[in-house]
Amino acid sequence: MTTTAEDRLHEYRRTLRAWLAGHVPENPTGDVEEAKAFQAALHDAGYSGITWPAGSGGQGLGPAEQQIFAEEAAAFEMPVRPFLIGMGMCGPTIVDLGTDEQKRRYLPPLLRGEEIWCQLFSEPGAGSDVAGLQCRAVADGDGWVLTGAKVWTSNAQWADYGAILARTDPDRPKHGGITMFVVDMRAPGLTVRPLVDMTGGAPFNEVYLDGVRVGPDDVLGQVNAGWAAAVTMLGHERVTISGLRQKRSSGLTFEALADLGRRHGTDPVARDRLADLYAHQRVLELFNARMRQETVAGAAPGSRGSVGKLAGAMLLRRAVDTAGHLAGANMVAWEDGDTGAASLELGTNSTPASNIAGGTNEIQRGIIGDRILGLPREPQVDRGVAFRDLTVGTQTSAAETSSEQTPKGGS
Amino acid sequence: MTTTAEDRLHEYRRTLRAWLAGHVPENPTGDVEEAKAFQAALHDAGYSGITWPAGSGGQGLGPAEQQIFAEEAAAFEMPVRPFLIGMGMCGPTIVDLGTDEQKRRYLPPLLRGEEIWCQLFSEPGAGSDVAGLQCRAVADGDGWVLTGAKVWTSNAQWADYGAILARTDPDRPKHGGITMFVVDMRAPGLTVRPLVDMTGGAPFNEVYLDGVRVGPDDVLGQVNAGWAAAVTMLGHERVTISGLRQKRSSGLTFEALADLGRRHGTDPVARDRLADLYAHQRVLELFNARMRQETVAGAAPGSRGSVGKLAGAMLLRRAVDTAGHLAGANMVAWEDGDTGAASLELGTNSTPASNIAGGTNEIQRGIIGDRILGLPREPQVDRGVAFRDLTVGTQTSAAETSSEQTPKGGS
Amino acid sequence: MDLVLTSEQQELRAAVRDLLTDHADSARVRTAMDSDTGHDAELWRRLGTDLGVLGLAVPEELGGAGAGHVERSVLAAELGRALVPSPFLASAVFVLDTLLALPAQPARDELAAALASGERIAALAVAEDGAGVFDPGPSATRATRSGDGWRIEGRKSPVLSGEVADVLVVHAVTDDGPALFLVEAGASGLTRARLASIDPTRRLARIDLAGTPATRLDGDAAAALSAAGDRGAVALAAEQTAGIERAMELTVEYAKIRVQFGRPIGSYQAVKHGCADMYAAWEQSESAVRYAAWAADHDPGALPLAAAVAGVYVGPRYFEVATGMVQYHGGIGYTWEHDAHLFYKRAKSDELLLGTPGAQRARLAGLLNI
Amino acid sequence: MDLVLTSEQQELRAAVRDLLTDHADSARVRTAMDSDTGHDAELWRRLGTDLGVLGLAVPEELGGAGAGHVERSVLAAELGRALVPSPFLASAVFVLDTLLALPAQPARDELAAALASGERIAALAVAEDGAGVFDPGPSATRATRSGDGWRIEGRKSPVLSGEVADVLVVHAVTDDGPALFLVEAGASGLTRARLASIDPTRRLARIDLAGTPATRLDGDAAAALSAAGDRGAVALAAEQTAGIERAMELTVEYAKIRVQFGRPIGSYQAVKHGCADMYAAWEQSESAVRYAAWAADHDPGALPLAAAVAGVYVGPRYFEVATGMVQYHGGIGYTWEHDAHLFYKRAKSDELLLGTPGAQRARLAGLLNI
């Protein structure tokens, strides 16, 4: 009897499940050394870079194995956060666009958990409009000098390398004068500052570049073709975000709110809201499951990922509202140490992030309208205009550059 | 002792109240002859054209008297529907822009209830974008020949005259080539057809013009200044609509739905919705009352009328939803002759009209954003372009004219 | 769980859509809805006999196609997409599912076969006083023995397709508890009166029974109605979801060609984002229906929750989408001539047919034990 | 009814706004909210003494300004607009209104005067177990006679401004029913613990009373709390409405200057129409507040309904508007540095301070007899 593909996948799942059960830390500390050790263990076990080509140090497997990994990993809180951007976005982009030398230099240490990456796209003046970025890369000898500011950079505080977009030619229209570079996060002139968000935490950073040098070997893709490189990388982001959803405790799930209801008591109106919340949460789960099934069956999800992103964000808003119906003044004030209430607060205060980060709800609706429904585009007033003639962000004069601005965040 | 202004207004109100009580028919039939008789009676009693100048046959009084009239009339179902457009819009526009001859010819019969007017602005291809109208006025001798189609025309079936917008110069940008004419609704080439709406009723008409002649004396305002004339007339519309709100039975008021709840029984969720509906209805009433007080105090309402229009439309949608919570399957099917259920059906099916007619919700939000909040306008791609080079409505070729089209309604 | 249609299921969909494209375009739908019976008998015959799809979820031994609820949800969707006025929901869903939830017995088996072929049409006469279709409430309808058979006294309203039905499945209370009965259309003491309805594509009736002879069906009436209610909710949600899809398609199509202020209205965010919300509602509704239909076939224990979720989520979404459809069509959407109002009215009748949204959520809350 | 402010009332508004512009800009608000007491004692003194506005709704014979609730709503609005962290709501609204609803008596009169001048700060200790501020629920707090006075045993939570208060008005149950008591900050057996709060501009506390000596206030506790609850709802709605207005202003301002894709984000309908909805919410909220405040002064019989309408309508609107404020500011709106989050959090705490939205609507439903 021959082994069928199905048998093989079944065996893959069985082995993986056992490995995860034996290796994922029970109470992850969340620190970076733990992540490095775990990523190294994943690599040693053959679970690092599952779909990356063998020639780039990956496992050379297909979407079925990747999907199995995602499904099995969903049961665990894996300490891989610092590697999500490197493994999910920067690495695959290097696989796609990198030179042989870049692949040789950067991929193995990434796969082995030795080097951490970050992504430097967003700027104070370029939020939704990423291509409106102002970070300058001024030619200097055979290299460039980078000056500007980046925001909302995860990992920057412990990253070794960053994939950065900078403007190499302001005389071209905005998409045409951008280049992607690899930048050493410890280079002279580069400063990382934690950015305190409205939850009071600082999971993101601001990164200031003041005359940071990059060389010709640091170009990822081609000079002035950075927008295409960014699109490649953001395509990987979508897959990463939808594929590697991990178990996360949140005060805003139906389950958490149902518990809250059991603690504080419910009335028919609160139950009505809670049932409606469950229905919304469940149909979104089913949509995501259906997307995964279609992906495994060979249909590329394409822009439909925007539906999940948008619906997930709106679901959290609904949950915040439902929480108020259940908790009342208990959501206003609570005893120190009441972890349920604190997790409700964190959920409430981080809900705006879900509606903004990674493309605002407005951007997602635009993607659905333009790319899925094929609705006509809005007039694009900045197309074909040299970047230096455009106004971007909140600058008040055309001469102003990002390094002179207070950080303003993206819209 | 001298009579104060307050005493005078008080007396005005007292006299008016008594007159209305004695003259408004108890069970109006709603037919046009009744309306003509009542309008004549209003005229004879000195309540026709309250704020119109005495020289134009009006009473020459101020906004205080107008407001008192509106307040007192609100308690009655006055049979004036066929005159609302003539008295509220066309007449005041003739007062503002008409020649002496036009005032002499048209105003007295209007004030006396002898002639009914309609307004011919909307076209199949020009709904929200009224200035995109395609009805042609081709010069012919010292007059013009009108060809085109108008829709959503109230009163057309019994009107004597209409104020019509037509395009006298398609080589100018769209706002600049329009003229307003007075058209005889019984002129050769003019056809009125009832337009059945989604309630199954036909309160509106389509009006087809096929070579209808108008002369130089029929121009209202100036040739190619029809847009300004239309703005003048629409300014009067706002005042009319907000000022002369009449008692109307509807299945979608809080009161009607509370009765429904009493009939079918309520549960806590239905009560929750009903209470929320009451709050929304009440704050809108209070907003309208506050607007009236500010108007009397001398502050022009301006674009704030759009708030009432928008909120009223959204309130009806909320009421439709609330009705479902109360009536359930009783809103799906009911015994013939159940007037409560039928009025709920009519309310449900006419709610879209409130959200569309007289400027869609989207248009109202745009007005609030642009004119009240001063937000920047969208790019206006049709400004400065000759009308004949624009696409309007759903036409597929630039040569197509409205008379060749199936009516399409406005958006 | 399988949330993606197989190629066979997709072929079924194509076959039904082809049939309806030919025989249930807007003009024919309007002819049918204005006709005496409120439906197109010829189309009914084609569905029952030519295509043989009315018994998709009926076992072969009872004369059905022996397929399942996934297949039937595909049929329900296509009928809903085209707004076909027909006794499908009443006869081939509500009654058939009720019969199949009762133990085998000659009267049941015979009727199920006749309904599966479309030869006979049945209606479910359970609701009283305007309750949801499956909700007998505190029933005032009584059945008493009379010789070999039974006689029924009472009033049922609303009864979906009650006027056109050849036979009624009536819920009545006996001395030993509630039971279901068959009542023939021609039975003595039976009167049927058409009700006014918000939905021109649906017919509902009041049924009066005055000592009307009836045949009692064996089995637990409450359990059968509960089981059928779950399956009916799935078929209804499939119909609604297809309605969402079609309303969205027509709106998007119009938004691409309707120009105002120099550009297509679909290029304005107010319209574009509204259409995007329609799309998100459709994708999620479709997912809810795929799962609930799969559960009906493969995981009956999960069905009540899956069906309740679909009902709670999809119903209000359809009315929102249909409201947007009328809105974005503007004036033309408000005319009788355009089909937008048929979606609007169907969406409202579908939303409330099985009870108020609050009642449906209360049922879900009960299943969730909250 | 008068829904338009008189010129005197507009002058009051201008005077308070001037003061707060000078003494409660964003930096000072942040300093105050992070301080030990959670408010700016110097600003409190200016309000109480320099401007003399803390007793606007207190009769002159009790040391107040003898104005009314319209005037106090103007003050509440200005404090809310600037997000001023202060004991205003607790002391000059909730407690003062409760005292004024009790019959005249030395302890009441004396405290009212001290609160009206700002000399003392009081907090209302009624809620238990996280109920709304005026809701004693099935109170477990007991008061028993002890010599000439009383002693209280129990726990109150949350108590707005409970930690900073010089004196607490405590609801407790006696053998002859519920009553209100005065408890001095330094009383024996009194412990106060700061609670965590979603709103950095508000301080709330848990109060434990263990045989704590107290002075009983004469009068009907339930009636006084009900009357004060209506008046408190008006002041709160005024605060919320001003928050809506300010959040809208800041959002519109930003939408005019923030450019993305070559044009200001305020030119996009998604943002513009969202701002228009904020404006509509503000206009209607303002109307509800104007009426309720007028009713408090001139038509007390209409007040309960007017206050309930304002509470039901305005609370959720503020949180919607604040959510939009953060959303349209994008990334910058999500930072701690920007004030948007302070509006968001204040809006949520305001929405729930007097109970769940459902409880507030249930109260309105009761008043409407539905």
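Naming convention: chains lettered A, B, ... in sequence-line order (proteins, then strands); numbering from 1 in each chain.
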Exercise. Test E362(A) against Y268(D) for side-chain contact (heavy atoms from CB on, under 4.5 Å), laying out the working first.
Key: CA-CA 10 Å; E362(A) 291 73 25; Y268(D) 292 97; over 6 Å; no
Exercise. Of all the heavy-atom pairs spanning A329(A) and P158(D), show the shortest one and how long it is.
Key: CB-CG, 4.2 Å
Self-check item: Between CG on residue N330(A) and CD1 on residue I198(D), distance to nearest 0.5 Å
Solution: 12.0 Å
Quiz item: chain A heavy atoms under 4.5 Å from L204(D): which part of the residue, side chain, backbone, both or neither?
Solution: side chain
Self-check item: Greatest number of heavy atom pairs closer than 4.5 Å to chain D - which of T348(A), N349(A), L195(A)
Solution: N349(A)
Quiz item: Is it the side chain or the backbone of S350(A) that comes within 4.5 Å of chain D heavy atoms, both, or neither?
Solution: both
Quiz item: Is the closest side-chain heavy-atom distance between V259(D) and D129(A) below 4.5 Å?
Solution: no
Quiz prompt | chain D contact via N361(A) - side chain, backbone, both or neither, heavy atoms under 4.5 Å | solution = both
Quiz item: Can you tell me if K345(D) uses its side chain to pair, donor with acceptor, with the backbone of M198(A) under 3.5 Å?
Solution: yes
Practice problem: Let me know if F261(D) has heavy atoms under 4.5 Å from chain A in its side chain, its backbone, both or neither. | Solution: both
Quiz item: Looking only at heavy atoms, what is the nearest atom pair of Y254(D) and T394(A), with distance?
Solution: CE1-CG2, 4.0 Å
Quiz item: side-chain contact (heavy atoms from CB on, under 4.5 Å) between N355(A) and Y334(D): does it pass, once the steps are laid out?
Solution: CA-CA 10 Å; N355(A) 287 271; Y334(D) 189 64; over 6 Å; no
Quiz prompt | Residue R365(A) versus chain D: region with a heavy atom under 4.5 Å | solution = neither
Self-check item: Ion pair check, E378(A) and R263(D), cut-off under 4.0 Å
Solution: yes
Practice problem: Please flag which part of V320(A) lies under 4.5 Å from any non-hydrogen atom of chain D: side chain, backbone, both or neither. | Solution: both
Self-check item: Segment of R383(A) engaging chain D (4.5 angstrom heavy-atom cut-off)
Solution: neither
Quiz item: Where does D350(D) contact chain A at under 4.5 Å (heavy atoms): side chain, backbone, both or neither?
Solution: neither
Quiz item: So, the side chain of E335(A) versus the backbone of L195(D): is there a donor-acceptor pair under 3.5 Å, distance only?
Solution: no
Exercise. Sort R361(D) into side chain, backbone, both or neither according to what part of it lies under 4.5 angstrom from a heavy atom of chain A.
Key: side chain
Exercise. Considering only heavy atoms and a distance below 4.5 Å, find which of S197(D), G274(D), A362(D), G262(D) pairs most often with chain A.
Key: S197(D)
